[in-house]
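Below is one structure; the comments refer to it alone.
Just so you know, residue 1 is the first one in the sequence shown, and it goes up from there. From a predicted model like this one, the values you see are computed outputs, not experimental measurements. Counting convention: from 1, in listed order, for ligands and their atoms alike.
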Amino acid sequence: MPRPQSRFVCGQCAHVSPRWLGRCPECGEWNTLAEEAVSRAPARLATAPVYSTNAPAPVSALPAHAGRRTMTGIGEMDRVIGGGLVDGSVTLIGGDPGIGKSTLLAQVAHSLLASTPDTGPPALYVTGEESPRQIRLRCERLGALSERLLVLGETDIGAVIHHIHATAPALVILDSIQTAYDPSIESAPGTVSQVRNVGAALVQVAKNGGPPVFLIGHVTKEGTLAGPRVLEHMVDTVLYFEGDRHHAYRVLRAVKSRFGPTDEIGLFEMREDGLHEVTNPSAAFLAERLTGASGSAVAATMEGARPMLVEVQRLVTRSYLSSPRRVVNGLDSGRAGMVLAVLEKRIGLRLGEHDVFLNVAGGVRIIEPASDLAVAMAVVSSYRDVPLRADTVWVGEIGLGGEVRSVGHLDRRTREARRMEYGRAVVPRRNTKAPAGESGDGIEVAQVRTVLDAVNASLQAQKGPRETDD
Ligand code: TYD
Ligand code: MG
């Protein structure tokens with residue numbers, strides 16, 4: 001009897017190996033190879049792809065626009081996807097379990113239906129993760145019990161596609177891609193080949209005049225989407241829904257987008273009755289700020305085209321451990337470590353003997369280097385136990401030499417600071433356009449060349465910082 005054949009497929013890059021390996025030779029990830037059965041029949045979709053009869057056409061004769069766009073009516077979502085849902089587009093939305101993906105998409109479906117006439121097409125919510133009853137309970141809580149929100153408890157992708165054709169919905173949600181499967185493939189749901197085939201089948205449907213499709217995907221501990229990267233390549237848009245489960249704020253971030261910008265984010269707050277849009281992020285993130293405390297500095301960061309003020313908090317305390325603790329929340333820890341090293345070398349802070357706790361208030365994550373200066377100032381303030389001026393925002397990227405480097409969109413940042421009634425902005429001198437002193441925006445602008453300048457200008461009342469050797 002022939003041995004049943006199997007192969008091993010990497011969950012990250014879909015590399016195929018005839019035997020198990022601890023580390024994928026293709027992408028270098030550890031422990032990502034999983035066994036899959038090889039079916040005897042050549043792999044074919046149960047949902048036989050309909051090859052379209054498209055003929056080549058002159059490029060100039062093709063329609064110029066991406067396709068019809070439908071506003072979901074949830075502004076933060078519409079902005080992130082580039083101004084509404086494009087017909088036939090496939091969007092993958094990833095995030096930790098419990099972060100609110102199902103909630104967000106139930107609200108999107110409801111909002112979309114509410115903006116179309118009662119006789120309009122329905123939305124189809126396919127659930128393999130929870131029972132249809134659980135979806136009902138959630139929708140009740142959200143006030144989203146729309147007659148036209150059709151819920152289908154199904155995991156067989158062939159059946160799902162049948163129902164898409166039968167109901168001709170305006171929107172399809174698959175919750176989740178990891179629970180759906182194609183019965184013609186002998187591997188378990190969630191494996192690389194299943195995820196890839198299910199994804200490909202839905203992309204086919206969407207591209208052949210189908211509705212926009214949302215795929216929900218889980219994220220692994222390492223923060224990447226479970227399942228192969230190939231799925232990210234197949235879809236038009238990849239969104240991540242992130243946030244700290246213990247905080248109410250959630251960020252919707254576009255990491256790939258064929259129809260819009262990729263650096264745009266949407267902000268939501270999770271409440272008892274679902275997700276609410278946060279239209280004034282600066283006010284939300286600064287609401288609980290304690291003025292007059294040391295170790296707090298306000299950064300003006302840009303998220304997409306939108307400026308946002310956030311509070312960076314630091315606690316620097318004497319360490320009793322042989323290797324002092326570095327706890328970083330909401331910032332890139334490598335970047336934060338670099339800022340600490342620069343402070344140690346250029347300003348002479350003896351951080352090696354201190355535990356450092358760093359946090360961005362509200363549970364948001366800031367990835368922009370322009371917040372370096374705020375991080376540095378929060379550390380210095382906590383280290384010396386001297387509060388910074390409460391009316392100041394800090395803008396600047398820090399280089400390894402301790403120089404404060406120029407940043408983009410400085411005027412938008414200072415305007416936001418002004419709007420939030422901050423009186424003073426400390427900015428890089430290299431941003432030549434920014435005038436020193438009182439700017440046209442009615443905010444005092446102080447230009448600094450180095451971190452040392454910034455410290456000197458801000459903590460003058462205290463014992464001056466140690467001069468460095470450069
Ligand atoms: P859910 O959408 O189920 O997350 P996911 O699909 O990403 O796994 O949301 C889960 C959490 O959100 C759950 O812990 C409860 C909370 N929640 C609220 O706080 N308010 C609400 O109105 C809803 C529906 C959920
Ligand atoms: Mg869910």
Handout entry: Protein residues that have a heavy atom under 4.0 Å from any atom of ligand 1, sorted by chain and number
Key = D96, P97, G98, I99, G100, K101, S102, T103, R138, R141, L142, M270, R271, E272, D273, G274
Practice task
Apply salt bridge (charged side-chain N to carboxylate O under 4.0 Å, His left out) to D236 and list each qualifying residue two or more places apart in sequence or on a separate chain.
Solution key: K207, R258
Handout entry: Salt-bridge present (D372, R335; N to O < 4.0 Å)
Key = yes
Exercise for the section: Output yes when E129 and K101 qualify as a salt bridge under the 4.0 Å nitrogen-oxygen rule, no when they do not. Expected result: no
Practice task
Taking only Lys NZ, Arg NE, NH1 and NH2, and the carboxylate oxygens of Asp or Glu, determine whether D391 and R389 approach each other closer than 4.0 Å.
Solution key: yes
Handout entry: Any residue meeting side chain to side chain donor-acceptor pair (under 3.5 Å) with T392, in chain and number order, not counting sequence neighbours
Key = R424
Practice task
Output yes when E29 and R23 qualify as a salt bridge under the 4.0 Å nitrogen-oxygen rule, no when they do not.
Solution key: no
Problem - Distance filter under 2.8 Å, centred on the Mg ion (ligand 2) - protein N, O or S atoms that pass it - result: S102 OG
Handout entry: Worked verdict on E76 versus L267 for side chain to side chain contact (heavy atoms under 4.5 Å, CB included)
Key = CA-CA 6 Å; E76 295 292 293; L267 276 166; 3.9 Å; yes
Handout entry: Presence of salt bridge, E368 and R413, under 4.0 angstrom
Key = yes
Problem - Lys/Arg N to Asp/Glu carboxylate O, R306 vs E416, below 4.0 Å - result: no
